[in-house]
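Accompanying notes for the structure given below.
Position 1 is the first residue of the sequence, and the numbers go up from there. Heavy atoms only: backbone and side chains are in, while hydrogens, waters and symmetry mates are out.
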Amino acid sequence: MLFGFLFMGLGMLGVILPLLPTTPLLLLALFFFVKGSEQFEIWFKETNLYKKHLEGFVREKAMTLKQKITINLFADVMIAIPFIILDNLWIRLLLLGVVGYKYYYFFTKIKTRPSK
């Protein structure tokens with residue numbers, strides 16, 4: 001339950017701050033609420049936050065182009081940190097592979113739905 005509230009808070013910050021990806025953080029919150037309590041799962045699914053940012057993805061398994069780009073750019077920044085700091089060729093190649101697969105997955109496996 002604690003992790004559910006933590007990720008929900010971060011997801012709420014993501015609505016305001018463009019660097020935090022709202023959707024994946026709220027998906028994590030939903031996961032922890034489902035594991036923690038059926039009452040919290042029901043409560044969370046009734047919030048405007050869930051309805052605005054997650055309901056479409058959970059129902060349709062699709063994201064808007066803006067959501068995909070925001071999530072990928074945030075992940076790229078996080079991956080760039082160890083890429084810059086570490087001086088190991090194999091780790092850098094692995095990180096580049098992760099970035100490549102991430103884009104492949106998001107743009108070929110997850111449907112793109114129109115923005116509302």
To the nearest 0.5 Å, how far apart are [atom1] in [X] and [atom2] in [Y]?
X      : Y      : atom1 : atom2 : answer
Thr47  : Met8   : OG1   : CE    : 6.5 Å
Asn88  : Leu94  : CG    : CG    : 10.0 Å
Leu95  : Leu86  : CG    : CG    : 7.5 Å
Lys109 : Lys111 : NZ    : NZ    : 13.5 Å
Ile110 : Gln67  : CD1   : CD    : 10.0 Å

Assign the ring pair Phe32 / Phe3 to parallel, tilted or perpendicular, where the plane angle (0 to 90°) is split at 30° and 60°. tilted

Mind telling me whether Phe33 and Trp43 have parallel, tilted or perpendicular rings, with 30° and 60° as the class edges? perpendicular

Heavy atoms, side chains only, cut-off 4.5 Å: are [X] and [Y] in contact?
X      : Y      : result
Arg113 : Glu60  : yes
Leu6   : Leu2   : no
Ile79  : Lys102 : yes

[X] to [Y] - nearest heavy-atom pair and separation:
X     : Y      : answer
Gly4  : Ala29  : O-CB, 3.4 Å
Thr64 : Thr112 : C-CG2, 4.3 Å
Lys68 : Phe106 : NZ-O, 3.0 Å
Phe83 : Arg92  : O-NE, 2.9 Å

Using the rule that Ile, Leu, Val, Met, Phe, Trp and Tyr join whenever any side-chain heavy atoms are under 4.5 Å apart, tell me whether Ile42 and Phe7 fall into a single cluster. no

Phe107 CZ: over 12 foreign heavy atoms closer than 6.0 Å: yes

Joining Ile, Leu, Val, Met, Phe, Trp and Tyr whenever any side-chain heavy atoms lie under 4.5 Å apart, the cluster holding Trp90 also takes in Leu89, Leu93

State, without any angle test, whether Tyr103 and Asp76 hold a side-chain donor-acceptor pair at a distance under 3.5 Å. yes

